Every structure is written in C-alpha cells, then in structure tokens.
Amino acid sequence: MAEITKEDIRKPENLIYKKTDLLTDKPLSYCPGCGHGTAHRIVMEVLEEMDIQDKTIGIAPVGCSVLAYEFMNIDMQQAAHGRAPALATAVKRLNPDKFVFTYQGDGDLAAIGTAETIHACNRGENIVIIFINNGIYGMTGGQMAPTTLPGMKSSTSPYGRDVHMMGNPLKMTELVAQLPGTIYVTRQAVHTPANVRKTKKAIRKAFENQKLNKGLSFVEIVSNCNSGWKMNPVQANEWMVENMFPFYPLGDIKVND
Amino acid sequence: MKGNEAFAEAAIRAGADGYFGYPITPQSEVMEYLMAEKPHERTGMVVLQAESEVAAINMVYGGAACGKRVLTSSSSPGISLKQEGISYIAGAELPCVILNVVRGGPGLGTIQPSQSDYFQSTKGGGHGDYRMIVLAPSSVQEMADFARLGFDLAFKYRNPVLVLSDGAIGQMMEKVELDEQRPRFTEEEIIKNTPWATTGKTKDRERNIITSLDLDSAKQELHNHALQAKYKLMQEQETRFEMISCEDADYLIVAYGTSARISQKAVDLLRAEGIRVGLLRPITLFPFPTEIISKLADQVKGILTVEMSAGQMIEDVKLAVGCRVKVEHFGRMGGIIPSPTEVVEAMKTKIIGG
C-alpha cells in the first residue's frame, strides 16, 4: 500500500476549513487566547462571503487592534484614538457605494471617543461599528477602562473599581440603542463555537443593513483579556461568563427590520 | 462678498468633495454659506456640521485618505482642538485645506481679529516634526484664490495646507473675481492620481493603508527624513511674497495679512514725509521668505515687523537678518488692529530714531 502523503490529504475534497484570503499571513500580535483574532476572522469571512473586499474601507482604532490593518487584507485607515466613527462618517458620505466599518476597543469607543460614537450613531451614519469590549485597556498594560466592572481590579484600580470614586461602567451599547439613528444594536461573544456562529450572523446582518442603506449597525463583542485580567485563557473565559455576561448580557438590544 | 463667503464659494468652485466644520466666530459664515448654497445639488459636494472641531478634522482625515478634496475651517480655539488631527494628517501625508480665521487669545480670548497663532501655524501646533504650507491672505480676493491654490499645493505635496487669515479679512467685504467651476475628481482620476488612497482593494493591487504609525524606529526615522526632504522642497519651490516700494527703501516693514494692509498705508504716509520705506509681505509663512529678507537686510538700515501679536513672526525675520541691522516689533493684541499712524510712529521711534 502506497504511503499517504500530505499532498493526498490536502486534496480539495478533504478541505473542511481554510483561512479566508481576506486575512493576511502576518502572525497576529494578540496574546494567545485573546478574542481579537476570532473577531478579525469572522469580520473578514463576512466580507469575503459578501464578495465586497474591493468595496470595503475599514477604520482601525488605537488600542490592541491598532495594527488591525496588518491582518485585514482590505484598504484601511488608522484613526487617532477614539475618532474612528468621524473618519468613517466622512468616508461613507464621500463614497456612498463603499462599505465602511470601524473596529474599536472599549477605551477607544467608550472613553476618549464617546462623542464621536454617540454622534455618528445619532446621525444614523450608514456604517458598521464593531466594538470589542474586554473591560480593560489591554495595549497600555491593563488600566481601568470605562467598561471595567464594579470591584474589578486593574493597574489603575488596584483595589478594585470603586464606583463612588471612579464612576460606574458605561453601557455604551444600551446607550446607543436609545438613539433613532441606530438600526441594529446587538451584543455578542466569541468564546465558544456557537457564539462565534451567532456573532458572525450578527456581523453579516450589520453589513447587509449597510447594503440596504438602513443606517448604523452596532455590534458589541464581549471579549476576554487574559493578560490584562491576569488569568490564563481558560480562566479568563470562565471569568467572563460568570462576571462580564451578567453585567453585559448577550443578545440583540435593538432590531429595526 | 465677505472673505469667509468668498473662501467658501471658491472651495466649491475648486472642485471640493467635502467640507466638515463646527461653528465658531468669526468664521461661521463659511459653513452657513456652504449650507445655503446646497453644493450637494451644484457639484455633489458633501457639507456636514460635525459635533466638534475634533470630529471635523478627523472627518477631513477620513475623506482625504480616500483621495478626496476635503477642507475644514475654524477660528483659533477651534484650531487648537484640531491640532491632534492635523498632526495625524501630516504624519499620514494626506492632502487637505484648513482655514483659520484667527481671533485673539489665549483661551477663549476675544472674537476680534488677531495674528497670535503664527507660532502654532508655522512651527507645528500639534506633536511631532511636521510642517504645513501656510498661506496668508491679505484680501478677500486672496481668500478665494487660496482655497484653490491650497488644494493644488496640498495634492502636489500630499500635505495639509493652512490658510491663515484673521477676523478682519474673514469679515470684510470686497469685490472678488471667482474662478470658473472646476469639476470634482472622478473615481478614475482618484485611482490614477492618488494611487495610495483607500478606494477599496481590487485584485490587481496590494491593499492601501493610511496610517501615521510605524513602531519600527528605524523605519519611523526614515519616514521623518522623507517628510523633512518634502518640507525642504516646499522651501525651495513654494516661497511666495510681495514687495511694495522696496527698490529704493532705506527702511523695511515686514507684515502679512491685515497688518500688511495697515503697513502699506503707513509706507505711503512715511514716504509722503520723505522717508523711503518698503513693505515685504510674506504670502507663505511656511515656507518663510527668508532669502529675500536676508537680501533686503543688506540694503536697509532697519526693519520693523508689524503683527497683531506680541511678536511671533519677528523671530523668523531675525533668523533671516542675523545681527546685520536692527529688527524691532510693533503690534497690538487682544483683538485690536493697529492704525497706520501707530505704525508710522513705531517706525520713527523704534527704528529710525531708536
């Protein structure tokens, strides 16, 4: 019996998974176990499935995903901290036939960029906002974020977030759901295959909304930050389920079909 | 037309694709004019009132990164807010036009005209080693002319261009001759002329990335060297100035914008008394007309700079002149425009008799 070679195995009929061509071959700069990689992948898979790579302009934030343009094989602009929705507003208004999305973390979107986020949502800009919420500033080394949970420890809340002194976490997603300009507001996660499928469906819906000129779609992805939370990836996901999800419940918040 | 309106109309006619702004006195007429004109119907130009100056300049970044002709306008406190965005635009090498109709500062200051943003405009303003081409109009006609010239220079150098006006030029009314309507860029022209722009990655090219970030210090230094080489080229090719009555001058006034208009009258008054004074009006503040001022320093006995500030441009004049002749400053602050007789008096006491 002839020996089975790798080439035999790599036949197209045996292929059950292939990395989308819309991700580059550059190794991700994210920590092992971080949700960003999965989130990147499903956004790019949606663009590939909709066949809109040549019509899409992405906006990268400041934060862990500042280098998103290194991994996403599409035209991208890197924004100043918090300003991605302002860039996206102009890009879409000047290029109404293009697909435009921002990819932002919680510090970027819910602290320094609060004004840009709220006003882009309120104007109902026909864009997609992908919001990765891990409750901490990852890139700068684990400082308190606007979304850090009450009592949660970070390098700038070393004894836990005291809401009387440091304020309460900001539920940006619930906030923008109040605004008439948002058409679709949802909160998802990417820690299990089932959740990945749901999130991908949500992102697909968001881009389909844009295709139909319906208005602003806002997809929050509650994610883990095992390095910032000082946990291993498994612990971080468990902690996220036990602590983050009760405060940031998953599911659609607003669906205007 | 008012200076601000002339600038707005000229921007439409220059083929602008988008204006993003936020109201602030004394330049709100720019956006008011644009909104009233419905440029979306005239040319397809987008006009949007942003939630802040910060958002407006970042909208400019987004539009410029798509190869579009985009602009914003504001006045001093608003321009301070835009500095972060301007630094990013310079770092990412994006073309755009920014109008500053200067008012007196610091802080909220006053709504009256001033020239106290010279340092901010010519020496950086935001963080990092960058320069903008700074055009200083001294008439409503130049407000109109510099909208189009600003776009052309911005695209020539992939660099932000600042039109540094002031509350007097912005608000005053003069006759103005406007250029014919120039068409906006077509999609094909954008892809051909600005191949770096984010227009959507097609199969036949690599993806386009607009960023000011490079964490590799060696590469970031190379990028900075390339920027400096570009700024040097601007100095060699884009220095603009006007000379009035300088041929036989024994004394020189250096002034731009509103101060240049006042000073021109002062030159006439001084010449009527038999004192031969000339006026050098820098039109570009960066690049600064260093060479011609240096040449004139060999001809004249003294130089007076007239600015509506505590004396900012005087530093560049002194750098050009060295210690060859006396250089003094005269100016008013806080929104006060000096009178020609004050300038005459300053020339007599600080330079001629000083």
Side-chain angles (χ1 to χ4, degrees), chain A residues 21-24 26 29 47 51-62 66-100 102 112-123 125 127 139, chain B residues 16-20 40 44-70 72 83-89 91-92 94 96 126 184-185 187 190 196-215:
Chain A
D21 289 337
L22 268 63
L23 281 177
T24 65
K26 180 139 183 147
S29 51
L47 299 184
D51 194 22
I52 53 172
Q53 178 191 28
D54 61 342
K55 294 187 192 69
T56 302
I57 298 162
I59 315 289
V62 171
V66 64
L67 292 171
Y69 55 76
E70 297 269 359
F71 316 120
M72 298 180 175
N73 191 17
I74 52 169
D75 278 6
M76 286 196 83
Q77 305 180 8
Q78 199 280 312
H81 201 16
R83 318 294 176 220
L87 272 66
T89 295
V91 173
K92 185 68 186 184
R93 292 221 180 197
L94 291 162
N95 305 275
D97 56 330
K98 299 282 183 345
F99 289 84
V100 183
T102 70
I112 196 165
T114 313
E116 284 78 6
T117 306
I118 289 178
H119 283 277
C121 288
N122 195 47
R123 286 190 302 263
E125 299 295 340
I127 58 172
M139 188 178 70
Chain B
D17 295 297
Y19 169 92
F20 305 92
H40 193 73
M45 177 185 176
V46 169
V47 183
L48 182 65
Q49 179 168 340
E51 63 270 31
S52 68
E53 283 95 348
V54 176
I57 191 68
N58 283 283
M59 289 172 183
V60 165
Y61 179 112
C66 297
K68 301 283 185 180
R69 282 195 196 105
V70 285
T72 185
Q83 292 303 327
E84 174 201 43
I86 294 173
S87 170
Y88 277 67
I89 286 168
L94 297 174
C96 71
R184 292 169 53 227
F185 288 137
E187 191 75 21
I190 288 173
W196 45 264
T198 53
T199 50
K201 187 208 169 299
T202 44
K203 302 280 179 217
D204 57 349
R205 67 159 170 84
E206 288 300 303
R207 66 193 194 283
N208 283 341
I209 295 165
I210 300 298
T211 182
S212 57
L213 175 72
D214 203 321
L215 294 168

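Keep in mind that this is a model prediction, so the values were computed, not measured. Numbers restart at 1 for each chain; the letters A, B, ... are given by sequence-line order, proteins then strands.
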When B:L48, B:T202, B:I57 are compared by non-hydrogen pairs under 4.5 Å with chain A, the top option:
B:L48

When rounded to the nearest 0.5 angstrom, what distance separates [atom1] in [X] from [atom2] in [Y]?
| X | Y | atom1 | atom2 | answer |
| --- | --- | --- | --- | --- |
| A:R83 | B:Y61 | CZ | OH | 13.0 Å |
| B:T198 | A:Q77 | OG1 | CD | 4.0 Å |
| B:K201 | A:M76 | NZ | CE | 14.5 Å |
| A:N73 | B:E206 | CG | CD | 7.0 Å |

Looking only at heavy atoms, what is the nearest atom pair of A:I57 and B:G200, with distance?
CG1-N, 4.2 Å

Distance-minimising heavy-atom pair for B:A55 and A:A86
O-CB, 3.6 Å

Which region of A:I118, side chain (C-beta onward) or backbone (N, CA, C, O), has a non-hydrogen atom less than 4.5 Å from a non-hydrogen atom of chain B, or is it both or neither?
neither

Honestly, the part of A:A79 sitting under 4.5 Å from a heavy atom of chain B is backbone

For residues 44-56 of chain B, which residue pairs qualify under side chain to side chain donor-acceptor pair (under 3.5 Å), counting only residues two or more places apart or in two chains?
A:R123-B:E51

Between B:L213 and A:V62, does the side-chain contact (heavy atoms from CB on, under 4.5 Å) criterion hold? Intermediate values first, please.
CA-CA 10 Å; B:L213 175 72; A:V62 171; over 6 Å; no

Is the backbone of A:D75 close enough, under 3.5 Å, to the side chain of B:N208 for a donor and an acceptor to pair up by distance?
no

Using a cut-off of under 4.5 Å on heavy-atom pairs, state which of A:N122, A:L67, A:I74, A:V100 scores highest against chain B.
A:I74

Is it the backbone or the side chain of [X] that comes under 4.5 Å from a heavy atom of chain A, or both, or neither?
| X | result |
| --- | --- |
| B:A64 | neither |
| B:T199 | both |
| B:R69 | neither |

In residues 87-97 of chain A, which residues are in contact with chain B at a heavy-atom separation under 4.5 Å?
A:L87, A:T89, A:A90, A:V91, A:R93, A:L94, A:N95

Using the rule given for salt bridge (charged side-chain N to carboxylate O under 4.0 Å, His left out), can you reason through B:E187 versus A:K98, listing the C-alpha separation, both sets of side-chain angles and the distance that settles it, and then say yes or no?
CA-CA 12 Å; B:E187 191 75 21; A:K98 299 282 183 345; 3.0 Å; yes

